[in-house]
Amino acid sequence: MTTTATAFADLHVAGEPLVLYNVWDAGSAQAVAAAGAKAIATGSASVAAAQGFADGERLPLDDLERTVRQIAVHVSQPVSVDLEGGYGRSPEVVAATAVRLASAGAVGCNFEDQIVGGDGIYSIDEQRARINAIAEAVSGNGLGMHINARTDLFLKETDERRHADLISAAVERAVAYREAGAGSFFVPWLADLDLIANLCDRVALPVNVMMRDGMPGIAELAAAGVARISYGPGPHRRAMAQLTADAAAIFGAA
């Protein structure tokens, strides 16, 4: 792991969470950096939408690589990229994707266990192999990348009353992902503060949550032991809503 990647990893402190207001291009990255952000992170849906694509690896990898390179050139903070599912299923393909983006300047990545373009999520053994391939390939190429291993267990379960039943399964995945080389554990859509605190107590990895409607505040999440807070597609959606409203006021749209 390079010095910059190590510095990024060191920002993940339980109780003093790293807050990431997700960006989508070099300009938005500069704006967030100027506001005082300690690190810069992209969101896959935002980067894709900014270039006219839907989420889910619809954005060509060449375009994602170009965006990461442009962001890394224009900010001094560590840059983390949303890798989604790695633009492939096999460990070899996802490792090659990670090396490309690390070479472009990313020192961190989100890497999810849902099957992009398919159904469900990868088995623990499959995802452990994919994470390990990324860790070994990046290191083997003399690069550094903090892997934020995302589980989609909670995102896939639309009935939030059942999220309590998924905590043990999430803990099992966190253990496996840590053994494979992950540096933190991302649980998007988990919003119940007691469940978040329980997960933080049971997981050795720093825990990352995503802000959305119904989430506790930053101070409450910090007290629960959260080490990283992301904003996902929210910043881009709010920026575009404001842009649309401003344009509508000029053009007289309803």
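Only heavy atoms go into these numbers, but all of them, side chains included; no hydrogens, no water, no symmetry mates.
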- Query: Between Tyr177 and Ile147, is any pair of side-chain heavy atoms under 4.5 Å apart?
  - Reply: no
- Query: Any chain of hydrophobic side-chain contacts (each under 4.5 Å) joining Leu143 to Val94?
  - Reply: yes
- Joint hydrophobic cluster, Ile124 plus Val171, side-chain heavy atoms closer than 4.5 Å: no
- Message: Distance check, rounded to the nearest 0.5 Å: Leu155 atom CG versus Leu190 atom CG?
- Response: 11.0 Å
- Message: How close do Gly120 and Lys156 get, counting heavy atoms only, and between which atoms?
- Response: O-CE, 4.0 Å
- Is Trp189 reachable from Val116 through a run of I, L, V, M, F, W or Y residues, each pair having side-chain heavy atoms under 4.5 Å apart? no
- Could you give the distance from CG (Leu64) to CG (Asp82), rounded to the nearest 0.5 Å? 8.5 Å
- Task: Compare all side-chain heavy atoms of Asp165 with those of Glu157 and state whether any distance is below 4.5 angstrom.
- Result: no
- Item | Which atom of Gly144 lies closest to which atom of Ala5, heavy atoms considered | C-CB, 3.7 Å
- State, without any angle test, whether Ser80 and His146 hold a side-chain donor-acceptor pair at a distance under 3.5 Å. no
- Pairs where residues 200-250 contributes a residue and the test ring pair (Phe, Tyr, Trp, His ring centres under 6.0 Å) is met, not counting sequence neighbours: Tyr21-Tyr231, Trp24-His236
- Item | Closest approach of Arg228 to Pro17 (non-hydrogen atoms, all atoms of both residues) | N-CB, 3.8 Å
- Query: About how many Å separate OG of Ser139 and CD1 of Ile134, when rounded to the nearest 0.5 Å?
  - Reply: 13.0 Å
- Flag, side chain of Gln114 to backbone of Glu84, donor-acceptor distance under 3.5 Å: no
- Count the heavy atoms belonging to other residues, nucleotides or ligands that lie under 6.0 Å from CG of Asp246, then report whether that count exceeds 12. yes
- Note on the structure: The reported gap from OG1 in Thr151 to CG in Asn208 (rounded to nearest 0.5 angstrom) is 12.5 Å
- Message: Do Thr67 and Gln51 make a side-chain contact, defined as non-hydrogen atoms from C-beta onward lying under 4.5 Å apart?
- Response: yes
- How far does CZ of Arg69 sit from CG of Leu101, to the nearest 0.5 angstrom? 9.0 Å
- Does Ser184 use its side chain to pair, donor to acceptor, with the backbone of Pro206 at less than 3.5 Å? no
- Task: Please examine the side chains of Val68 and Arg100, heavy atoms only from C-beta on, and report whether any two atoms are closer than 4.5 Å.
- Result: no
- Task: Establish whether Met240 and Met211 are linked, either directly or via other cluster members, by ILVMFWY side-chain heavy-atom contacts under 4.5 Å.
- Result: no
- Answer yes when Lys38 and Glu16 have at least one side-chain N-carboxylate O distance shorter than 4.0 Å, and no when they do not. no
- Query: Does NZ or CZ of Arg130 lie under 6.0 Å from the centre of the six-membered ring of Tyr122, at an angle within 45° of the ring axis?
  - Reply: yes
- Task: Consider only side-chain heavy atoms of I, L, V, M, F, W and Y, link residues closer than 4.5 Å, and tell whether Leu83 and Val93 are in one cluster.
- Result: no
- What are the two closest non-hydrogen atoms of Glu112 and Gly85, and how far apart are they? CG-N, 3.8 Å
- Message: Could you measure the distance from the OG atom of Ser46 to the CZ atom of Arg237? Nearest 0.5 Å is fine.
- Response: 7.5 Å
- Note on the structure: Shortest non-hydrogen pair, Phe154 vs Pro188, comes out as CB-O, 3.7 Å
- Nearest heavy-atom approach of Ala98 to Val138 is CB-CG2, 4.1 Å
- Among side-chain atoms of Asp55 and Ser44, is any donor-acceptor pair under 3.5 angstrom? yes
- Asn141 side chain to Ala137 main-chain N or O, any donor-acceptor pair under 3.5 Å? yes
- Test side chain to side chain contact (heavy atoms under 4.5 Å, CB included) on Leu205 and Val175 and set out the steps. CA-CA 8 Å; Leu205 288 173; Val175 170; over 6 Å; no
- Message: Test side chain to side chain contact (heavy atoms under 4.5 Å, CB included) on Arg66 and Asp63; report intermediate values, then the result.
- Response: CA-CA 5 Å; Arg66 185 182 306 109; Asp63 292 345; 2.7 Å; yes
- Query: Between Asp113 and Asp152, is there a donor-acceptor pair closer than 3.5 Å when you use the side chain of the first and the backbone of the second?
  - Reply: yes
- Message: Measuring only between side-chain heavy atoms, which start at C-beta, is Leu166 closer than 4.5 Å to His163?
- Response: yes
- Message: Side chains of Asn148 and Arg150, heavy atoms from C-beta outward: is any pair under 4.5 Å?
- Response: no
- Message: I'd like to know whether Leu18 forms a side chain to side chain contact (heavy atoms under 4.5 Å, CB included) with Val13, so could you lay out the CA-CA distance, the side-chain angles of the two residues, the decisive distance to 0.1 Å, and finally the verdict.
- Response: CA-CA 7 Å; Leu18 169 65; Val13 179; over 6 Å; no
- Query: Is Ile196 close to Met215 at the side-chain level, that is, under 4.5 Å between some pair of heavy atoms?
  - Reply: yes
- Task: Test Ile218 against Val19 for side chain to side chain contact (heavy atoms under 4.5 Å, CB included), laying out the working first.
- Result: CA-CA 9 Å; Ile218 291 176; Val19 178; 4.3 Å; yes
- Query: Backbone N or O of Asp25 within a donor-acceptor pair of the Ser28 side chain at under 3.5 Å?
  - Reply: yes
- Query: Between the side chain of Glu65 and the main-chain N/O of Ala104, is any donor-acceptor distance below 3.5 Å?
  - Reply: no
- Query: With side chains defined as the heavy atoms from C-beta onward, is the minimum distance between Arg89 and Ile115 less than 4.5 Å?
  - Reply: yes
